[in-house]
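Note that this is a predicted model, so its numbers are computed, not measured. Letters go in sequence order (proteins before strands), and every chain restarts at 1.
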Amino acid sequence: MATNCNDYTPAEIEKHWQNVWDTEKTFRAEDFADKPKYYILDMFPYPSGAGLHIGHPEGYTASDILARYKRARGFNVLHPMGWDAFGLPTEQYAIKTGTHPRETNRKNIDNFRRQIKELGFSYDWDREIDTTDPRYYKWTQWIFRELFRRGLAYVDERPVWWCPELRTVLANEEVIDGLSERGNHPVERRNLRQWVLKITAYADRLLEDLQGLDWPDSTKRQQEAWIGRSEGAEITFALPSLPDDQLIVFTTRPDTLFGATYMVIAPEHPLCRKLTTDEHKDAVEAYIQQAVNKSDLDRTDLAKEKSGVFTGSYATNPVNGEEIPIWVADYVLMSYGTGAIMAVPAHDERDFAFAEQYKLPIPRVISGGDDEAQPLPYAGPGKLVNSGPYSGLEVEEAKQKITADLAAQGEGKASVQYRLRDWLFSRQRFWGEPFPILWVSEQDYPKVAADWKPENPVSYEHEGQTLYAITLPGQDLPLTLPEVPAYQPSGTGESPLATIPEWVEVWVHRQSGETLPRAENSDKADDPDWLPARRETNTMPQWAGSCWYYLRFLDPTNEDALVAPEKEAYWGVPDYYIGGAEHAVLHLLYARFWHKFLYDLGITKKKEPFSKLFHQGIILGEDGQKMSKSLGNVVNPDEIIDQYGADALRCYLMFLGPLEQMKPWNTKGIEGVSRFLKKLWREVVGANGALAGKLHEGPEKDAETSRLLHQTIAKVTEDIENLRLNTALSQLMILVNHLGRKNEVSRETARDLVRLVAPLAPHVGEELWARLGGEGSVVYAGWPVFDESKVKTDEVKIVFQINGKYRGEAMVDKTADKDAVLAIAREQSRVAQHLEGKELVKVIFVPGRILNLVVKG
RNA sequence: GCCCAGGUGGCGGAAUGGUAGACGCAGCGGACUUAAAAUCCGUUGGCCGUAAUGGCCGUGGGGGUUCGAGUCCCCCCCUGGGCACCA
């Protein structure tokens, strides 16, 4: 079924084979096939209007090579592709042009699919998914619904990042240095009602299970740091001025309790105003106002000139009864620990800076031995001093003992805190998954059947009323986006959906959970079984759809389950996951969280979604700068394919350097791999289009060729397994260059070569395989078998060194011993010269490698 | 500031502690051609050279371990990434 090209014409050949793959469904992954399964997943793209970026095919080529290699080795490979298609740019475009996001999305996906197909990737297109398809987001909503029912989703009025330009709130992770990650617009704090997912409930498991993952260390470390577990103690300080209240602080250094010379509470701390004496009221009020208005950029800025004011109140140190002044300062965050600290300036850098500024005492309570050599603040190990009965104890010992003693008196307890915060899960946007949630009044809530309620009620205050959240019945999912075009932001901080009363206002049946539009069913007003309710108008963030998509590929069209248990049992989770390091924390942490939740529900049998992970590096522009439109250094895959073909692009992307590394693009460089493909072609196809004349039947006659072939089989196999595709290619180049110099080559050698190249350059691989008389697709033609006997030789090269420097070499019998090799070396004039007049003090012989003569004088 | 990754020819890069620079780009010289393209052959780290199976230097800098270091150890410099008042 080969083409009839005489010359290597990628455009014709690639089109031809892409059609074959499409019509024959060459890459279909067969459920329950008898072969071992192998699931290799790419991070699916956001189909932007700009089309495929050159960075996409980099990772996708690597995974494709692995997928094709695994198929050749007899695996049942699942290699799917889909679209992470909810997202702000599509909505922004809709606002600007009035085009429905669905329309834009369809076009963008069509373009992405075309581009991806033109690269010859071996996806099973029957499993394509789109996160914006109601048949998909039905299950995203379903998962949220389960989270809600189990008390892992709640609402909270909390200060969030509001971006006036984008007219939406952003997650902490979407704000970088006070600017929106998308578009670099300034952001500010606003209090809005938000949905929050209790990812912190999984913090320990997310941390612990990192250990077993075959992931890049740096990524594991980033997640560890993000979760930020720290062990310490909560210590209770009595408040003489407020006998009914207490001040609880979190500290990792209970051992330094005797060194606490002041307390600090966050400006948002609930006791802040209560603790403020009349005398200090004005100053504290002013300070709070200032802190609240400060953006977090200012508050956490590098300059970080510390600031604070005294409240006028004191707290009692539980270990010695000392009265300690309480300050308000914005270097203490309400969102971490208890929002209050005991300040130990001698042994904490931040407290030290503050104490110096406000002239507060800085007594040393830890001695590292030589106090002269250990200026304050000192955070190192040592013994306690000036600490009453604890003086003399080692730091670690004292932590235990003080915590235990406080606990015994009911004035403290051991405590673990996490840097990780709960996940702000709502967005005020149109183009996202609607929440399957209704709000009912406080009076109506008790009337609703328990089936639609969460473990603990979720409520919020709205215009003086308390509203309660209930969920839609599972069979009412998906809750689709309304058809009316309402993607203009409301501007109030509410979602555009809030502007569509026909959609928002419904009747809900208190028993069945059924809903009906309010306006069209006014008769229900008198029916006690029907309660008025409002739909939740926020939508889910873009992360939602990508949190579980890898599971949907196992069973993409199932209408009754997220994934059928037997399919989950067969395919499990991805064996290999390839994608950018920019998702090191967010996507990968959120997906792990959802996965663990689904594990708890029994939907997946694996504790972790991605056992093996690889990050491809970023490809820079030719100028070494990050590719960007404004710099005009963007490489368009379409143009490269037009000029050199997809096989050349794929090979070049892999040849650029180690996959994980950041590396610059060089358009000239693609000539090299393009020449390689042409040479490869000419080894198989003669000038007239028939098989090359130099190919002969039967086994390879040339021992050198045979040796190099088998070396290549070994090297390419190992390199593909480890995604070292740059060196796999150079080895293939070496082999092809060698064959080019030979007048005769076995057809078998050529067939092995073609099978080795096929994962990297699949179109030319298929074409040459067919011309060499191969049966069926090269994809399933098996993998060349490495024969070690072919690379073994009787003679080995020994390098001669004198004092570690190269002074010649010789081929010697591989059984030759030290003395025999030394004798051969001595015969070489160059070696002899360097030995002349010197004393041979030592002979180092590494069989098969080296003979090093150590001489003196 | 803290944590991590990395610094190798003109360029991208290769190298289980064992000939540094594989492979490719670019350059130079040559063959083919009326010419060009394409292709092929040779050459290409620096310095010195009686030009050789020659000598010295050379993997960011400085020390060290070793018969032998790009590779291991210590200190420093630079680049990239992450975190950044998390108590």
For the pair made of CD in A/E683 and C1' in B/C40, what is the distance, rounded to whole Å? 13 Å
Partners of A/K413 by side chain to side chain contact (heavy atoms under 4.5 Å, CB included), sequence neighbours excluded? A/E234
At under 4.0 Å between heavy atoms, what does A/E809 touch on the DNA or RNA strands: base, sugar-phosphate, or nothing? base
Look at all strands and tell whether A/S335 reaches a base, only sugar-phosphate, or nothing, counting heavy atoms closer than 4.0 Å. nothing
Closest listed nucleotide, where the reference is the side chain of A/R419 and the choices are B/G24, B/C85, B/C83: B/C83
Counting only side-chain heavy atoms from C-beta out, which of B/C85, B/C25, B/A87 sits nearest to A/K668? B/C25
Would you tabulate the pairs of protein nitrogen or oxygen atoms and nucleotide nitrogen or oxygen atoms of nucleotides 28-32 of chain B closer than 3.5 angstrom?
none

In whole angstrom, what separates A/R675's CZ from B/A38's P? 7 Å
Identify each atom pair where a protein N or O and an N or O of nucleotides 56-58 of chain B are less than 3.5 Å apart, giving names and distance.
from  : atom 1 : to     : atom 2 : distance (Å)
B/C56 : OP1    : A/R807 : NH2    : 3.4
B/C56 : OP2    : A/R807 : NH1    : 3.3
B/C57 : OP2    : A/K805 : NZ     : 3.1

Dot-bracket encoding per residue of RNA chain B, Watson-Crick/G-U cut-off under 3.5 Å, | denoting interstrand: (((((((..(((.....[....))).(((((.......))))).((((.....))))..(((((..]....))))))))))))....
Just checking, A/K818 and A/F845: is the charged tip under 6.0 Å from the six-membered ring centre and within 45° of the axis? no
From the candidates B/C83, B/C23, B/A87, the one with an atom nearest any side-chain atom of A/D348 is B/A87
Expressed as a whole number of angstroms, how long is the span from A/Y806:OH to B/A69:P? 18 Å
Separation of atom OH in A/Y336 from atom C1' in B/A84, rounded to whole Å: 14 Å
Considering only distance and modelled atom types, tabulate donor-acceptor pairs under 3.5 Å from the side chains of residues 655-673 of chain A, sequence neighbours left out.
from   : atom 1 : to     : atom 2 : distance (Å)
A/K663 : NZ     : A/E58  : OE2    : 2.7
A/K663 : NZ     : A/P658 : O      : 3.0
A/K663 : NZ     : A/L659 : O      : 3.2
A/K663 : NZ     : A/Q661 : O      : 2.8
A/W665 : NE1    : A/T667 : OG1    : 2.9
A/N666 : OD1    : A/K668 : N      : 3.1
A/T667 : OG1    : A/E622 : OE2    : 3.0
A/E671 : OE2    : A/Y644 : OH     : 3.1

Rounded distance (Å) that lies between atom P of B/G42 and atom CG of A/N737: 11 Å
Nearest of B/C83, B/A22, B/U53 to any side-chain atom of A/I734? B/A22
To the side chain of A/K678, which of B/U39, B/A87, B/C83 is closest? B/U39
Before accepting this row, confirm whether a basic side-chain N of the pair A/D204/A/R229 lies closer than 4.0 Å to the acidic partner's carboxylate O. yes
Between A/E744 and A/K742, is the closest basic N to carboxylate O distance under 4.0 Å? no
Syn or anti for B/G9, taking syn as within 90° of 0? syn
Summarise protein proximity over nucleotides 3-18 of chain B in one line of letters, 5' to 3': B for base, S for sugar-phosphate only, - for none, counting protein heavy atoms closer than 4.0 Å. SS-------BSS-B-B
Evaluation steps, ring-ring contact (aromatic ring centres under 6.0 Å, His included), between A/Y262 and A/F354: CA-CA 10 Å; A/Y262 64 103; A/F354 190 85; 5.3 Å; yes
Among B/A22, B/C85, B/A87, the nucleotide that comes nearest once only the side chain of A/T252 is considered: B/A87
Parallel, tilted or perpendicular: which fits the ring planes of A/W327 and A/Y358, with parallel below 30° and perpendicular above 60°? tilted
